[in-house]
Chemist: 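Provided herewith is a single structure, encoded as structure tokens, for subsequent inquiry.
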Amino acid sequence: MAVLNNSEVQLFLLIGIPGLEHAHAWISVPICLLYLVAIMGNSTILFIIKTEPSLHEPMYYFLAMLAVSDLGLSFSSLPTMLRIFLFNAMEISPNACFAQEFFIHGFTVMESSVLLVMSLDRFLAIHNPLRYNSLLTSNRVAEMGLILATRSLLLVLPFPFTLRRLKYFQKNVLSHSYCLHQDTMKLACSDHKINVIYGFFVALCTMLDLAFIVLSYTLILKTVLSIASLAERLKTLNTCVSHFCAVLIFYVPIITLAAMHRFAKHKSPLAIILIADTFLLLPPLMNPIVYCVKTQQIREKVLGKLSNICRRQDEDEMLTYGTQLTNG
């Protein structure tokens, strides 16, 4: 879209996968499936935790918060991703773009915060199991959830307002299939020093979360190594596997993308776009799968619900068949 130097940009242009524009319709099929699995998986986690009293414990409350964050990430990026790959519609208004980046960054910060408190939960459960239930009561978990949501909101709230004050005249092509603060900021013709400084501050907060998670696992390992029995060590560490996988799934794409932007001399636009899309698609998709596979209580409840549904269907079919025989 050509833009005159003296006219302000009315629309931003998002991009799909460079060089594969002709295959966007085919690419939309796996993307739709990934979103569908992610939304169904996280919704199932929330439903199971809500309906099963035995799962009303701090660990599962934090898992519910993680599922909410993943659903938020999925629904924040879903509209533009599907518009691009299904309908080849690249345009997005500035206000819609600012709103999308607010929600994407907000739920990203929230997920980082939830992973941090989940590491604290694992540390308390392993280091001081006798006081675990008294330290993490339901009220305290609710308060922590409220604090996390408030922190996420306040951290990213300035983003759309600082972007809105900038002037966009010559450039309007973004680098991804969705809007990000740093990507939109680079299109501005006016001074965006405040955006750079504040964006760095928010990124630093996220990296501090990772630093505290690493510290938590260092203390967890120290506690585990003090256990005499090897079998007990492995059993204790096994309770952290799901959370450790969630941390890797969330942070590895972020760190990889940041390293490519910072250190790669010959950056591949395709590689950057794929990693950026992975950052939004992978955590919501994989977290429910990891927790269902590695957490026995969640797995048993999910399988139990599925077996009940199948049993009811079989009973309904037999009842229908019996009614037909009686009428016949």
Side-chain angles (χ1 to χ4, degrees), residues 38-77 102-129 131-159 202 205-217 220 239-240 242-247 249-251 254 280 283-288 290-292 294-295 297-298 301-302:
I39 292 170
M40 289 182 62
N42 286 288
S43 299
T44 300
I45 292 287
L46 287 174
F47 175 76
I48 294 295
I49 293 174
K50 178 178 173 58
T51 57
E52 291 294 335
S54 61
L55 300 182
H56 292 177
E57 297 178 3
M59 173 184 172
Y60 301 108
Y61 289 142
F62 292 133
L63 178 55
M65 295 179 196
L66 187 67
V68 170
S69 303
D70 285 335
L71 283 173
L73 279 177
S74 294
F75 285 118
S76 298
S77 59
F102 167 76
F103 285 110
I104 288 177
H105 287 294
F107 284 111
T108 299
V109 173
M110 184 174 176
E111 180 139 350
S112 176
S113 304
V114 172
L115 289 172
L116 173 59
V117 296
M118 290 178 82
S119 69
L120 174 63
D121 168 78
R122 290 299 83 210
F123 170 69
L124 289 176
I126 293 171
H127 182 71
N128 204 342
R131 296 189 60 197
Y132 174 74
N133 289 327
S134 61
L135 290 172
L136 284 181
T137 61
S138 296
N139 288 337
R140 283 182 181 170
V141 171
E143 290 172 359
M144 291 172 73
L146 183 60
I147 290 171
L148 295 183
T150 304
R151 173 187 186 247
S152 304
L153 174 66
L154 293 180
L155 269 179
V156 302
L157 187 60
F159 276 171
V202 174
C205 290
T206 306
M207 289 301 103
L208 280 175
D209 289 346
L210 178 59
F212 283 120
I213 291 172
V214 172
L215 176 61
S216 297
Y217 271 99
I220 287 171
T239 63
C240 301
S242 299
H243 177 258
F244 186 72
C245 291
V247 170
I249 289 167
F250 180 74
Y251 281 104
I254 293 179
L280 282 187
L285 174 71
M286 292 304 300
N287 285 339
V290 168
Y291 274 94
C292 283
K294 293 300 298 178
T295 307
Q297 292 89 336
I298 294 288
K301 298 301 180 184
V302 170

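Here the structure is a predicted model, which is why all the values come from computation and not from measurement.
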Chemist: Do Gln297 and Tyr60 have side-chain N/O donor and acceptor atoms under 3.5 Å apart?
Modeler: yes

Chemist: Considering non-hydrogen atoms only, spot the tightest contact between Val141 and Pro58 and give its length.
Modeler: CG2-CB, 3.9 Å

Chemist: Pick out which of Leu73, Val156, Leu280, Leu71 makes a side-chain contact (heavy atoms from CB on, under 4.5 Å) with Phe107.
Modeler: Leu73

Chemist: Between Met59 and Tyr132, does the side-chain contact (heavy atoms from CB on, under 4.5 Å) criterion hold? Intermediate values first, please.
Modeler: CA-CA 11 Å; Met59 173 184 172; Tyr132 174 74; 4.2 Å; yes

Chemist: Starting at CD1 of Ile49, measure out to CE of Met65 and round the result to the nearest 0.5 Å.
Modeler: 10.0 Å

Chemist: Could you tell me whether the side chain of Arg140 reaches within less than 4.5 Å of the side chain of Leu135, counting heavy atoms only?
Modeler: yes

Chemist: Just so I know, are the side chains of Ile39 and Pro284 near enough to count as touching, which here means a heavy-atom distance under 4.5 Å?
Modeler: no

Chemist: Report the residues that fulfil salt bridge (charged side-chain N to carboxylate O under 4.0 Å, His left out) with Arg151, sequence neighbours left out, ordered by chain and then residue number.
Modeler: Asp209

Chemist: To the nearest 0.5 Å, how far apart are OG in Ser112 and CD1 in Ile213?
Modeler: 6.0 Å

Chemist: Nearest 0.5 Å please: distance from the NE2 atom of His56 over to the OG atom of Ser138.
Modeler: 9.0 Å

Chemist: Provide the closest heavy-atom pair for Thr206 versus Tyr251 in the form atom of the first, atom of the second, distance.
Modeler: O-OH, 3.7 Å

Chemist: Flag the pair Ile298 / Leu63 as yes when at least one side-chain heavy-atom distance between them is below 4.5 Å, and no otherwise.
Modeler: yes

Chemist: How many angstroms lie between CD1 in Ile254 and CE in Met207, if you round to the nearest 0.5 Å?
Modeler: 5.5 Å

Chemist: Report the C-alpha distance between Asp121 and Met144 in whole Å, list the side-chain angles of each, state the deciding distance to 0.1 Å, and finish with yes or no for side-chain contact (heavy atoms from CB on, under 4.5 Å).
Modeler: CA-CA 12 Å; Asp121 168 78; Met144 291 172 73; over 6 Å; no

Chemist: Between Tyr291, Phe123, Phe62, Tyr217, which is the residue that forms a ring pair (Phe, Tyr, Trp, His ring centres under 6.0 Å) with His243?
Modeler: Tyr217

Chemist: Under the criterion side-chain contact (heavy atoms from CB on, under 4.5 Å), I'd like the reasoning laid out for Leu285 against Ser74: C-alpha separation, chi angles, the key distance, then a yes or no.
Modeler: CA-CA 9 Å; Leu285 174 71; Ser74 294; over 6 Å; no

Chemist: Could you report the tightest heavy-atom contact between Gly106 and Ser152, atom names first, then the distance?
Modeler: O-CB, 3.6 Å

Chemist: Quick check: do Leu66 and Met118 have side-chain heavy atoms less than 4.5 Å from each other?
Modeler: yes

Chemist: Could you give the distance from CD1 (Ile220) to OG1 (Thr239), rounded to the nearest 0.5 Å?
Modeler: 7.5 Å

Chemist: To the nearest 0.5 Å, what is the distance between CD1 (Ile104) and OG (Ser77)?
Modeler: 5.5 Å

Chemist: side-chain contact (heavy atoms from CB on, under 4.5 Å), that's the test. Do Asn287 and Phe250 meet it? Break it down for me.
Modeler: CA-CA 9 Å; Asn287 285 339; Phe250 180 74; over 6 Å; no

Chemist: Taking the side chain as C-beta and beyond, is there a heavy-atom pair between Cys205 and Leu155 under 4.5 Å?
Modeler: yes

Chemist: Considering all heavy atoms of both residues, which atom of Ser134 and which atom of Thr137 are nearest to each other, and what is their separation?
Modeler: O-CG2, 3.5 Å

Chemist: Looking at Ala38, is its backbone amide N or carbonyl O close enough to the side chain of Asn42 to form a donor-acceptor pair, meaning the two atoms are under 3.5 Å apart?
Modeler: yes

